[in-house]
Amino acid sequence: MLEIFERIEKTYNGKDLALLKRAYDYARKAHENQKRASGEEYFIHPCTVAKILVDLGLDAATVAAAFLHDVIEDTPVSEGDIKKEFGEEVLELVVGVTKLEKIQFHSKEEEQAENFRKIFVAMAKDIRVIIIKLADRLHNMRSLNFLSIERQQRMARETLDIYAPLADRLGISQIKCELEDLCLKYLEPDFYEYLQINIDERLKEGEDLVDHVVEEVNKMLTDSGVSGEVFGRKKHLYSIYRKMRERNKTLDQIYDLVAIRVIVNTVDECYEVFGKIHNKWKPVPGRIKDYIATPKPNMYRSLHTTVVTNFGRVFEIQIRTYEMNHAAEYGIAAHWKYKENKKVADDLDTRLSWIREVMEWQGGLKDSKEFLNSLKGDIYSSEVLVFTPKGDVISLPKDATPLDFAYSIHSAVGNKCVGAKVNSKMVPLNTVLNVGDVVEVITSQTSKGPSWDWLKIVKSSSARVKIRQFFKREMKEENVKMGKVMFEAEAKRRGYSTSELLTDESFEHIAAKLSFTGQDEMFASIGYGALTVNHVIVKLIDYYRRSQPQQEVAKFYKSNNKTGGGVKVKGMAGLLVRFAGCCNPVPGDDIIGFISRGHGVTVHRRDCPNLKHVEDGRLIEVSWSEEADSVYNASIKVMGNTQAEILAIVAATVAKFGLEIVSTNGRTDHKTKQAVVDFNVRLNSKDELESLITKLKQESKITDVYRTAN
């Protein structure tokens with residue numbers, strides 16, 4: 001505790017120093033007589049958190065909030081007390097951290113996602129809140145050994161899933177690396193111990209070689225008249241562990257346990273030293289990375305190269321300026337140390353723009369699970385750096401396409417995209433982009449907007465959300481109508497009516513889980529594909545069965561006896577039967593019955609693939625009765641040049657036959673590049689089905705038509 005007091009006296013002065021002394025004394029008195037799980041004084045914790053932030057170079061208000069970050073939660077001190085004593089700025093930081101303290105991560109993805117949202121709201125409001133939280137988590141991880149094994153592993157897992165990636169995304173490698181190593185210690189203790197022992201042994205054996213490389217590079221600096229520092233830095237354990245796991249290598253096959261770091265004064269000197277190193281030692285192909293010209297998304301800047309030395313040893317060498325090195329260690333926190341520096345201010349704005357973008361597109365996601373998956377995709381995804389025609393660098397996730405590029409520029413550019421050029425050549429929109437590609441988007445003001453197929457092409461979370469937002473915003477009325485039709489058809493197929501399943505009580509029940517504010521919003525979500533109709537129907541049926549079990553039993557027998565009309569089981573009609581949804585048999589099909597436990601006989605087409613592995617003893621002969629006059633569903637696949645042409649032809653042909661389309665689903669076959677539309681039609685017999693297929697095959701713009709199992 002004395003150490004932190006000495007540190008703030010050396011680092012701050014004037015009003016800042018007075019503020020921190022008051023915060024120190026206030027927190028010490030508030031936490032008096034409180035103990036941590038280790039038995040030590042609780043006040044040691046806020047002091048350590050404050051020290052981490054002082055080392056990062058944070059401003060006085062942030063460090064004061066670090067001293068006070070637990071007083072509202074753990075002591076009688078109120079928000080009003082903090083505001084009166086330290087002002088609005090410190091209060092907002094303390095309250096922000098206090099709200100995050102209340103977050104408890106559970107196994108349920110939905111709960112975890114909602115908590116993730118809270119973190120991003122706090123970050124968007126004031127980024128210093130999450131920096132305090134990262135420092136708080138770092139000290140908690142350092143003292144984790146006093147907790148139970150279960151709590152150790154739970155905290156280590158959430159740290160590895162959430163806090164370490166956030167530290168990385170904010171560029172604070174100092175915190176990120178230590179967090180990852182501590183997580184490894186508790187999640188893989190045996191592996192951690194093995195690495196510690198064996199890496200240290202190998203480093204001792206290679207110490208002379210490292211010293212030799214450092215000496216050679218120092219000589220290059222001297223000969224060039226460049227002043228700087230050269231030293232070997234051991235890579236953190238988790239990065240070595242991950243490399244071993246991902247590349248399936250043993251420790252003996254990992255050669256770059258130490259990175260040689262060269263720190264100079266200017267960017268020109270970085271490139272000068274870079275050239276001299278390649279002139280002396282042979283670089284390994286594919287291992288040269290220029291993060292100065294094309295910084296990482298977290299604004300990390302450095303030159304990286306891996307070389308084979310003249311004595312056969314492989315070394316990674318990193319070259320950067322002093323300012324770049326500080327930014328690499330402290331990331332977004334470097335802003336407060338160099339707050340007058342325009343370059344650092346620009347870097348801060350770039351980092352905050354990512355957070356702002358997340359806050360922008362997360363508002364379009366009602367599904368918390370989708371938000372969590374999207375966010376993790378953005379945090380963890382490997383990057384591909386590509387260029388605009390003007391030379392601006394755009395960072396995209398691995399396997400990104402020109403559509404991802406278009407939506408990264410602006411949602412309006414993506415929505416109006418009709419083509420793309422990569423390196424001056426026209427390419428399909430699903431082309432996978434590579435590092436260094438120059439991408440140009442071709443737009444048209446007459447474009448009607450994105451296609452549903454684009455959701456299968458794009459790889460970035462933000463592009464996927466923007467496409468869904470277009471359909472939700474531009475086609476709301478059509479989506480509601482389509483969703484209602486799909487809902488009613490699926491309910492009917494399962495033997496229910498819409499009025500039975502969708503009551504005020506049942507909707508209120510599922511709305512709480514799915515975050516709907518009204519039934520039209522639910523239907524629209526089904527209509528534009530954000531939610532499957534089955535996802536909603538299953539929840540409503542479950543609620544219906546639990547709320548009125550007796551009616552459900554009676555209804556089952558009634559509906560299935562009715563549905564099974566027109567089928568005889570071993571020559572006897574009127575038994576409890578129903579038709580399989582997987583193959584949708586219609587009168588005229590060769591059929592067979594499957595005896596299902598507690599549900600009577602389910603009628604399948606005899607060639608249904610789902611019957612291949614069933615027990616022979618559970619199959620029973622069935623046949624169509626002469627009075628079969630029920631309505632049946634059949635599934636048909638149609639292929640052609642475009643979805644629009646297929647849909648127009650199918651709709652017109654079905655109407656001529658006096659039939660009804662139940663549902664449609666379109667896509668593009670990535671192998672043949674043809675448009676494919678699956679549709680479900682309601683009809684009376686196999687003859688009607690065959691006539692419909694024959695008629696469709698006669699259309700010149702349709703290349704193939706056939707019946708499918710479902």
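Hydrogens, waters and symmetry mates play no part in the numbers below; they use all other heavy atoms, side chains included. Note that the coordinates shown come from a computational prediction; the quantities given were computed from them, not determined experimentally.
Distance alone, capped at 3.5 Å, is enough to place a donor-acceptor pair between the Asn415 side chain and the Ser411 backbone. Judged by distance alone, the side chain of Ser506 and the main-chain N or O of Leu501 form a donor-acceptor pair under 3.5 Å. Put simply, the side chain of Lys416 gets close to the backbone of Ser447: a donor and an acceptor are under 3.5 Å apart. Between the side chain of Arg682 and the backbone N or O of Glu660, no donor-acceptor pair lies under 3.5 Å.
The side-chain heavy atoms of Lys133 and Tyr163, taken from C-beta on, include a pair separated by under 4.5 Å. In this structure, Val413 and Tyr407 have side chains that are not in contact, with every pair of non-hydrogen atoms separated by 4.5 Å or more. Tyr544 is not listed as a side-chain neighbour of Leu502, based on a closest heavy-atom distance of 4.5 Å or more. Looking at heavy atoms from C-beta onward, Gln152 lies out of side-chain contact with Arg157 at the 4.5 angstrom threshold. Side-chain contact check for Val638 versus Val650: some heavy-atom pair is nearer than 4.5 Å. Residues Trp454 and Leu429 are in side-chain contact: their nearest non-hydrogen atoms beyond the backbone lie under 4.5 Å apart. The closest side-chain heavy-atom distance from Ile636 to Thr708 is not below 4.5 Å. Counting heavy atoms from C-beta on, the side chains of Met522 and Phe507 come closer than 4.5 Å.
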Report the C-alpha separation of Lys484 and Val480 in whole Å, then their side-chain angles, then the decisive distance to 0.1 Å, and conclude whether the side chain to side chain contact (heavy atoms under 4.5 Å, CB included) test is met.
CA-CA 6 Å; Lys484 282 183 178 178; Val480 171; 4.1 Å; yes
Show the numbers, then the answer: is there a salt bridge (charged side-chain N to carboxylate O under 4.0 Å, His left out) between Lys481 and Asp520?
CA-CA 9 Å; Lys481 290 179 180 177; Asp520 278 358; over 6 Å; no
Are Lys459 and Lys398 close enough, and set up right, to give a side chain to side chain contact (heavy atoms under 4.5 Å, CB included), and what steps lead you there?
CA-CA 8 Å; Lys459 302 300 179 185; Lys398 184 181 178 184; over 6 Å; no
Determine, stepwise, if the pair Phe594 / Val601 fulfils side chain to side chain contact (heavy atoms under 4.5 Å, CB included).
CA-CA 5 Å; Phe594 173 74; Val601 176; 6.0 Å; no
Side chain to side chain contact (heavy atoms under 4.5 Å, CB included) between Arg464 and Leu455, intermediate numbers included
CA-CA 6 Å; Arg464 193 171 292 112; Leu455 290 170; 3.7 Å; yes
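Under 3.5 Å, the side chains of Gln674 and Thr668 contain no donor-acceptor pair of N or O atoms. In this model, a donor atom of one side chain and an acceptor atom of the other lie less than 3.5 Å apart for Thr159 and Arg137.
Annotation: the span from Arg606 atom CZ to Ile591 atom CD1 amounts to 8.5 Å, rounded to 0.5 Å. Rounding to the nearest 0.5 angstrom, the gap separating the CG atom in Leu403 from the CD1 atom in Ile467 is 6.5 Å. Considering CG of Leu689 and OG1 of Thr694, their distance stands at 9.0 Å, rounded to 0.5 Å. For the atom pair Asp399 CG and Ile457 CD1, the distance stands at 13.5 Å (nearest 0.5 Å). Within the model, atoms CG of Asn680 and CE of Met486 stand 11.0 Å from one another, a figure rounded to the nearest 0.5 Å. Between the CE atom of Met155 and the CG atom of Leu187 there is a distance of 12.0 Å, given to the nearest 0.5 Å.
A salt bridge links Arg707 to Asp589: one of the charged nitrogens lies within less than 4.0 Å of a carboxylate oxygen.
Counting all heavy atoms, side chain and backbone alike, Ile661 lies closest to Ala651 at CD1-CA, 4.2 Å. Looking at every heavy atom in both residues, Asp404 comes nearest to Ala463 through OD1-CB, 3.8 Å. Contact record, Tyr186 with Ala156: CB-CB, 4.1 Å, taken as the closest heavy-atom pair. The two atoms that bring Gly640 and Thr703 nearest to each other are N-OG1, 3.8 Å, heavy atoms only.
Here the options are Val458, Thr401, Leu433, the test is side-chain contact (heavy atoms from CB on, under 4.5 Å), and the partner is Leu396; only Leu433 passes.
Summarising the local packing, CD of Gln698 is surrounded by more than 12 heavy atoms from other residues, nucleotides or ligands at distances under 6.0 Å.
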